[in-house]
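Before any comments, here is the structure.
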Amino acid sequence: MKDFDYDKLVTATDRFSPSQLIGKGSHGYVYKALLHHHNHDDKHQRVVAIKAPSSLSLSLSSSSSKSEQTKKLENEINVMSSLPYHPHVLSFLGHAEKKLMVVEYMPNGSLHQLLHVSADPLPTWLKRIEIALQIASAVHFLHEQGIIHRDIKSENVLFDSNWEAKLADFGLAVDLGSDKTRPAPAGTIGYLDPCYTLPENLSVKTDVYSYGVVLLEIVSCRKAIDVSRSPSSIVDWAVPLIKEGRIGEICGGGGGGGGSAVFRGMNLRLLRMAARCVSSDVESRPCFGEITAEIVACLAEPLKSLPLWISVLRRVVKLKRRKKRLRETLTWPGQTCRVW
Ligand SMILES: Nc1ncnc2c1ncn2[C@@H]1O[C@H](COP(=O)(O)OP(=O)(O)OP(=O)(O)O)[C@@H](O)[C@H]1O
């Protein structure tokens with residue numbers, strides 16, 4: 001981790017120029033910037049993302065009083081700087097005076113954009129399940145470090161240049177080890193665990209609920225809350241369908257091959273697990289160790305039907321050969337014979 005010079009970062013964002021702005025959240029603005037650094041005789045350049053509290057971006061002063069947004073960013077810096085590297089957690093590069101945060105730049109947008117906004121075709125079904133596994137492994141890692149994210153949602157899953165998913169936005173994260181008092185419940189409507197109504201109710205299972213909503217979103221391509229539909233909540237819509245075994249209605253609409261019979265066994269397992277994640281019985285929700293293991297098992301599920309497909313294919317080839325031989329036996333010069 002690096003301590004950056006405040007003024008250099010402001011200059012790198014072109015003094016928080018709108019032309020450098022790549023995203024606005026509820027508490028921060030994110031800018032794209034090119035950082036130059038010198039290592040002996042070598043000059044390096046790196047494209048990074050710089051997050052600033054929106055109040056700071058507007059005032060351009062490093063000495064403004066601590067707003068709620070600044071506190072949130074400070075919390076994000078404290079949590080991210082304490083984390084070891086993980087391939088599916090956004091990499092923290094440093095900060096300036098705990099008022100500006102430098103992280104790796106993610107050029108391919110968010111999971112929310114990919115599922116609900118982008119005009120590009122959806123990724124294949126298996127790639128979508130791989131994304132679900134990458135997010136689960138990131139949250140599993142956070143929980144092992146004693147961190148609860150509290151804001152898992154598709155907007156907070158970003159893609160790097162290789163389309164690898166990374167979990168971002170640690171503004172609401174709680175470090176169970178160092179934060180002795182539990183903060184007031186917070187999160188995003190649609191993803192927020194309905195059982196998390198009191199500070200002391202916070203647990204790893206709070207993240208499990210939000211993850212369950214993201215999993216349903218990945219599988220169905222439906223938004224967590226969609227007021228144009230009834231029921232508007234993805235949980236209220238999907239859970240009864242899963243209980244009735246009507247999984248084709250959930251997976252079929254999203255494209256990418258999810259409705260295919262080859263994936264039926266896998267989808268059934270995945271959706272049953274998603275239903276457990278969003279269960280109102282907090283104790284029965286799986287933990288992330290179980291979730292990652294189950295997704296790995298689900299990914300192997302289509303291979304189970306491979307021997308069946310191979311034997312069907314062999315039969316078809318045999319039948320075709322037999323038909324050809326029969327045709328040759330029954331055909332003589334100037335005459336054709338139809339076998340079937
Ligand atoms: N490292 C990054 N690379 C590219 N874009 C990013 C990066 N970090 C954030 N963004 C973009 O900026 C937007 C706002 O970022 P972020 O979600 O971290 O802000 P926030 O204020 O914490 O949001 P929230 O309202 O969820 O609390 C994101 O939706 C994303 O599109």
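Start at 1 and go down the list; that is how both ligands and their atoms are numbered. Every value quoted in this text rests on a predicted model; they were computed, and no experiment measured them.
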* Which residue supplies the protein heavy atom nearest to atom 26 (O) of ligand 1, what is that atom called, and how far is it? -> Asp169 OD2, 2.9 Å

* For atom 18 (O) of ligand 1, grab the closest protein heavy atom and report residue, atom and distance to one decimal in Å. => Lys51 NZ, 2.7 Å

* Glu76, portion touching ligand 1 at heavy-atom distance under 4.0 Å -> neither

* Are Glu104 and Lys166 close enough, and set up right, to give a salt bridge (charged side-chain N to carboxylate O under 4.0 Å, His left out), and what steps lead you there? -> CA-CA 10 Å; Glu104 65 176 314; Lys166 303 214 178 190; 3.2 Å; yes

* To do: Count the heavy atoms belonging to other residues, nucleotides or ligands that lie under 6.0 Å from CD1 of Ile189, then report whether that count exceeds 12.
  => no

* Asked: Can you tell me if NZ on Lys127 sees more than 12 non-hydrogen neighbours from other groups inside 6.0 Å?
  -> yes

* Asked: What protein heavy atom sits nearest atom 11 (C) of ligand 1, and how far off is it?
  -> Gly23 CA, 4.1 Å

* Asked: Phe16 and Tyr29: aromatic ring centres closer than 6.0 Å?
  -> no

* Starting from atom 4 (C) of ligand 1, locate the nearest protein heavy atom and write down its residue, its atom name and how far away it is, to 0.1 Å. => Met106 O, 3.3 Å

* Asked: Do the ring centers of Phe170 and His149 come within less than 6.0 Å of each other?
  -> yes

* Considering only heavy atoms of Lys153, which atoms of ligand 1 have at least one such atom less than 4.0 Å away? -> 26 (O)

* To do: Just let me know how Lys32 lines up against ligand 1, side chain, backbone, both or neither, with a heavy-atom cut-off below 4.0 Å.
  => neither

* Just checking, is any N or O donor in the side chain of Asp151 or Thr188 under 3.5 Å from an acceptor N or O on the other one? -> yes

* Asked: Can you check whether Ser26 has an N/O within less than 3.5 Å of an N/O in ligand 1?
  -> yes

* Which bit of Asn156 is near ligand 1, meaning a heavy atom under 4.0 Å away: side chain, backbone, both or neither? -> side chain

* Under 6.0 Å between the ring centres of Tyr209 and Tyr196? -> no

* Is atom 28 (C) of ligand 1 less than 4.0 angstrom from some protein heavy atom? -> no

* Decide, yes or no, whether a salt bridge links Glu217 with Lys153 under the criterion of side-chain N to carboxylate O below 4.0 Å. => no

* Protein heavy atom at shortest distance from atom 5 (N) of ligand 1 -> Ile22 CD1, 3.6 Å

* Please assess Thr292 against Ser137 for the test side-chain hydrogen bond (donor to acceptor under 3.5 Å, both in side chains), listing each intermediate value before the final yes or no. => CA-CA 6 Å; Thr292 46; Ser137 80; over 6 Å; no

* Would you call Asp169-Arg150 a salt bridge at under 4.0 Å N-O? -> no

* Report the nearest protein non-hydrogen atom to atom 1 (N) of ligand 1: residue, atom name, distance rounded to 0.1 Å. => Glu104 O, 2.9 Å

* Asked: Touching ligand 1 at all, Gln113? Heavy atoms, strictly under 4.0 Å?
  -> no

* Region of Ala49 engaging ligand 1 - heavy atom pairs below 4.0 Å -> side chain

* **N/O separation below 3.5 Å, Tyr105 to ligand 1** => no

* To do: Could you tell me which atoms of ligand 1, counted from 1 in the order shown, lie closer than 4.0 angstrom to a heavy atom of Gly28?
  => 21 (O)

* **Within residues 225-243 or reaching into it, pairs that qualify as salt bridge (charged side-chain N to carboxylate O under 4.0 Å, His left out) - sequence neighbours excluded** => Asp226-Arg229

* Asked: What is the closest protein heavy atom to atom 8 (N) of ligand 1, and at what distance does it sit?
  -> Leu158 CD1, 3.6 Å

* Should the pair Glu290-Arg285 be classified as a salt bridge under the 4.0 Å nitrogen-to-oxygen rule? -> no

* Does atom 16 (P) of ligand 1 have a protein non-hydrogen atom under 4.0 Å from it? -> yes

* Any atoms of ligand 1 less than 4.0 Å from a non-hydrogen atom of Val103? List them with their elements. => 1 (N)

* Asked: In the protein, which heavy atom is nearest to atom 10 (N) of ligand 1, and how far is it?
  -> Val30 CG1, 3.9 Å

